[in-house]
Each structure stands twice: as C-alpha cells, then as structure tokens.
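The structure is given below, and queries will be raised subsequently.
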2 protein chains.
Amino acid sequence: MSIETDIKQNKFRSAYQRLALNLVYTSNWLEYKQLEIFKHYDITSQQYNVLRILRGQQMNPIKVSDITERMLDRNSNTSRLVDKLLAKNLAKRTSCPNDRRAVDVVITEEGLQLLTEIDPFVNAWEERFNIITPEEADTISGLLDKLRESDQ
Amino acid sequence: MSIETDIKQNKFRSAYQRLALNLVYTSNWLEYKQLEIFKHYDITSQQYNVLRILRGQQMNPIKVSDITERMLDRNSNTSRLVDKLLAKNLAKRTSCPNDRRAVDVVITEEGLQLLTEIDPFVNAWEERFNIITPEEADTISGLLDKLRESDQ
DNA sequence: GATTAATAGATGTTATGACATTAAATGTAG
DNA sequence: CTACATTTAATGTCATAACATCTATTAATC
C-alpha cells in the first residue's frame, strides 16, 4: 500500500516531504513488526539491540559508553538498559581495570542462547525484504547515508 | 557518514539487514532533528503530527479515531494527545452529532497560527533533502511502499 | 424489542524515554 | 601537588508510551 493510502494523505508539498513521512512511517512499521518477535522472549527492541552489540563484540568486554555509540537510538538510557539485561542474566558487568570510572559489559551464555533462539525469526523477517533486490536495498541505504550527510 | 561508520559495524548479514538498521537509524535521526525545531514551540513530534492532520482537514471536524488512522505512529494515545492540544488552546473538541460516542476535533486559530510560525523551519529543514534529487526521493518512497507490502 | 457484540473514546497502571543532576575517577594547567 | 575541568556511569524526576480495562453508545442477531 502506498504511503498516500496508508496515512490517507494524497498531496505532499514535495517528493522530500513524502519521503520524510514515509521514512518515519516505515521505520515505525518495522520496529512494531520486530517488537512482535521480541515480545515472545520478553525483551524490548532496545534490549535486543544491546544484546546484538554485545554479541558483535565476540566476548570482548565493552564499556557502557561504547554501547551507546553503537546504538540505533542513542537517546536510550544505556545504563538502565544494561540493568534490565543483568536482571535477566543475559549480560554481566565487571569493573574496567584500565579506568575505574568505566564498566565493562559482556554477554552471558544465556544471552547468546536467547539470541540464537531469536535469530531464525529475525532472519525470516528480513528475508521478506527480498521483495526488493539487494541492489535496490543498497541504493536506498546509500541515499539515506547521503541524506544524513546534509546534517552539517 | 555511512551507516557502517555511524553505528561502528562494518559487516552486515545482507543488504537487507543493512537497510533495516539504516532505516531505523535514519528515522531516529530525522525525528530527533525535527524535535529540535518543535521544542522551541513547546510541542512534541506527535502533537505536531496531530496539528498537521487537523490543518489538512481544512476546518472540517475529524473524529479521534480518524486522527489515529492518519498518524505516523499509531501506537500513540490519541485521546491524551488531543487533551494536550486542548490545554494549549491549539485544538477544540465538540461532540459529534451523528454518533454520540465519537468526538469531533478541530484546529483553532491559535493552532493554525502556531503551524504558520513553524512552517518555514520545517520547510527549510526539508529543503536540505535536495542533496538527493526528487527522482531519487521518489525511488526510495516507492521501494519503501513495496517493502511494507511484504506484510501480508 | 431484548440481548449480545462491536465501536469510540477515556482512564488506570506500569514501564520506558527525556533530561538534569550527582558521584567518582581521571585528565590537565598552573 | 593542587585546583579545576572532563569523563563515565548511575540516579531522580517528570512526561510519554504501551497495554489493559472501563463506560457509553451504536450495530447486529435472534
């Protein structure tokens, strides 16, 4: 369904306005769809995002501030997000030897296992994207990168 | 800056995964940038979204449920959003003659005025999008529409 | 026409987000 | 070394989001 039909608006000021609305609308749609997967595992999108970052570290400890830098939504309160993961034994926290202000975070076996359970569903979900070609996906990615460059 | 650099991840499972992450990241960036405009006027993105929908109605009353349908983020609690606008005299609420369950909402002069004040800033912001061509913007929009079609 | 289902919107509750502040550790300049 | 600024993470507070429930009204079914 076109964005026009979806939000019942048939006139836009410009192609740029339509794109801006479509971006936000599509992103909300995407996050909502992923949330439907995650909620079976009692985690939020943000918690999943942190877990993925931790797994990406390959068991190397990572500081809270570094997690924040890698997050999709940087306004999140990373400290409290990590608290949630700790409470579920999905991550563990140790003090950083080099810098006693910092805190090192590592994913646990339990956390890795949870991601392994979720992976097939996320993969299946992403595979539905092949309604467009990989080249088209790359084209969009490249143009989005360019859009954000207009910022300073 | 490429999404790779932005979230410090240099490998993606597929072009589709990169696109999914880029979409969410870019949408957050976009919403954050708009918020910077709106906060000078003491409204949130959601409240702005509702005001725009009301203005689009050209003074014709619109039901709360219809506002929800047109919103970019439909998980919002429209009822309470309208409350906020009422409290600021940006909208008014009358009971709907045809259906006593429903509530008609209309933008006030004050609401229209506020949008008029904000317009130039939003327009200027959107004009920076011309770092890509209108054709490219349309291409992305079309592909995003297609992506959402994969949903059922 | 009575009964049940569906719809519209408001409200209660809990969790999360946004933003400021704090505390501790580290870095830096005199 | 001392004083001050900066960094890192945690916490406090308030607003909003998420989700369920409730009330009033309308629609549908028997």
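Chain letters run A, B, ... following the sequence lines, proteins first, then strands; residues in each count from 1. Below, all heavy atoms of this structure are taken into account, side chains as well, without hydrogens, waters or symmetry copies.
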Identify, between A:D99 and B:D66, the residue whose nearest nucleotide on DNA chain C lies closer to the 5' end.
B:D66
According to a 3.5 Å limit on both distances, what stems of 3 or more consecutive Watson-Crick or G-U pairs are formed with DNA chain D?
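Stem segments, range with range: C:1-30 with D:1-30.
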Would you say A:S79 places a side-chain N or O within less than 4.0 Å of OP1 or OP2 belonging to D:dA9?
no
Is there a side-chain contact between B:W125 and B:Q34, using heavy atoms and a 4.5 Å cut-off?
yes
Could you tell me how far apart B:E69 (CD) and C:dA8 (P) are, to the nearest whole angstrom?
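Going from CD in B:E69 over to P in C:dA8 covers 9 Å.
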Rounded to whole angstrom units, what separation is found between the CG atom of A:D42 and the P atom of D:dA18?
16 Å
Would you say D:dT7 has OP1 or OP2 under 4.0 Å from some side-chain N or O of A:S65?
no
Does a side-chain N or O of A:K63 approach OP1 or OP2 of D:dT8 to a distance below 4.0 Å, or not?
yes
Cut-off 3.5 Å, side chains only: do A:K88 and A:Q47 have a donor facing an acceptor?
yes
Any B:R100 side-chain N or O less than 4.0 Å from OP1/OP2 of D:dA24
no
Between B:T108 (side chain only) and B:K92 (backbone N and O only), is there a donor and an acceptor less than 3.5 Å apart?
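Not confirmed, B:T108 side chain does not pair with B:K92 backbone.
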Any base atoms under 4.0 Å from B:T44, or only sugar-phosphate, or nothing? Heavy atoms, all strands.
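Sugar-phosphate contact only.
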Map A:Y32 and A:V82 onto DNA chain D by nearest heavy atom, then report which one ends up closer to the 5' terminus.
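In this pair, the answer is A:V82.
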Looking at A:R93, I'd like to know whether one of its side-chain N or O atoms comes within less than 4.0 Å of OP1 or OP2 on D:dA10.
yes
So, OP1 or OP2 of C:dT16: does either fall under 4.0 Å of a side-chain N or O from A:K84?
yes
Heavy-atom side-chain contact between A:L112 and A:E109 under 4.5 Å:
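Side-chain contact under 4.5 Å: yes.
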Calculate the interatomic distance between B:L35 atom CG and C:dA18 atom P; express it in whole Å.
8 Å
Near A:F121 CZ, under 6.0 Å, is it more than 12 heavy atoms from other residues, nucleotides or ligands?
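Counting other residues, nucleotides and ligands, CZ of A:F121 stays at 12 neighbours or fewer.
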Using whole Å, what does the distance between atom C1' of nucleotide C:dG17 and atom CE of A:M71 come to?
12 Å
Starting from C1' on C:dG12, measure out to CZ on B:R80 and report it in whole angstrom.
7 Å
Quiz question: by atom type and distance under 3.5 Å, do the side chains of B:R70 and B:N49 form a donor-acceptor pair?
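Their side chains do not contain a donor-acceptor pair, so the 3.5 Å distance test is not met.
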Where each residue is assigned the nucleotide of DNA chain D containing its nearest heavy atom, which of A:K39 and A:A102 is assigned the position nearer the 5′ end?
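Per heavy-atom nearest nucleotide, the more 5' residue is A:A102.
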Taken to the nearest whole Å, CZ/B:R101 to P/D:dT25 is 10 Å
Can you find a side chain N or O atom of B:Q46 that sits less than 4.0 Å from OP1 or OP2 on D:dT16?
no
I need the CG-P distance between A:N77 and D:dT16, as an integer number of Å.
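After rounding, the reported distance stands at 18 Å.
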Donor-acceptor side-chain pairing of A:R148 and B:T26 below 3.5 angstrom:
yes
CG of A:N98 versus P of D:dT8: gap in Å, rounded?
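Whole-Å distance recorded here is 13 Å.
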Contact between A:V122 and B:R13 at the side-chain level, heavy atoms closer than 4.5 Å - yes or no?
yes
